[in-house]
Amino acid sequence: MINKEDKSMNDELSKDIQVRLRKIEGQVKGIEKMVTSDACCKNILVQVAAVRAAMTKVGGLVLERYTKNCLLSDDDVVQEEKIDELVSTFLMFLK
């Protein structure tokens, strides 16, 4: 059973993911316009790198949400710290 604090944190995490995805969508549309208007390839690549980094962050947030909602039970409070460390290490590896 999920308590109110966990549900609130989960809702916040979901909203954060959604906001980030909308920003990424805007960035991708911007890249498309850059390609259409024959913008400098270097500038396009900079934007592509920014989208990749943003997607990596979203992936980390989804991983965090998954681990906390699907892998932990209510009595795994101590394990949550280990999950946080795993997510942090995974994100560091992806950079």
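Keep in mind that this is a model prediction, so the values were computed, not measured.
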Does Asp11 come within less than 4.0 Å of Lys15, counting only side-chain N to carboxylate O? no

Other hydrophobic cluster members with Val19, side-chain heavy atoms of Ile/Leu/Val/Met/Phe/Trp/Tyr under 4.5 Å, chained? none

Sub-3.5 Å donor-acceptor pair from the side chain of Thr89 to the main-chain atoms of Glu85, do we have one? yes

To the nearest 0.5 Å, atom CD of Gln47 lies from atom CG of Asn43 at 8.0 Å

Nearest 0.5 Å please: distance from the CG atom of Asp16 over to the CG atom of Leu21. 9.5 Å

For residues Val62 and Val51: do they belong to one hydrophobic cluster (side chain heavy atoms under 4.5 Å, members Ile, Leu, Val, Met, Phe, Trp, Tyr)? yes

Say whether Phe90 and Leu61 are linked into one hydrophobic cluster, either directly or through other cluster members, by side-chain heavy-atom distances under 4.5 angstrom. no

From Lys57 NZ over to Ile17 CD1, what is the distance, rounded to the nearest 0.5 angstrom? 10.0 Å

To the closest 0.5 Å, what do you measure between OH (Tyr66) and CG (Leu13)? 15.0 Å

Show me the donor-acceptor pairs within less than 3.5 Å that the side chains of residues 22-40 make with the rest of the protein, sequence neighbours left out.
residue: Thr36; atom: OG1; partner: Glu32; partner atom: O; Å: 2.9
residue: Ser37; atom: OG; partner: Lys33; partner atom: O; Å: 3.0
residue: Ser37; atom: OG; partner: Met34; partner atom: O; Å: 3.3

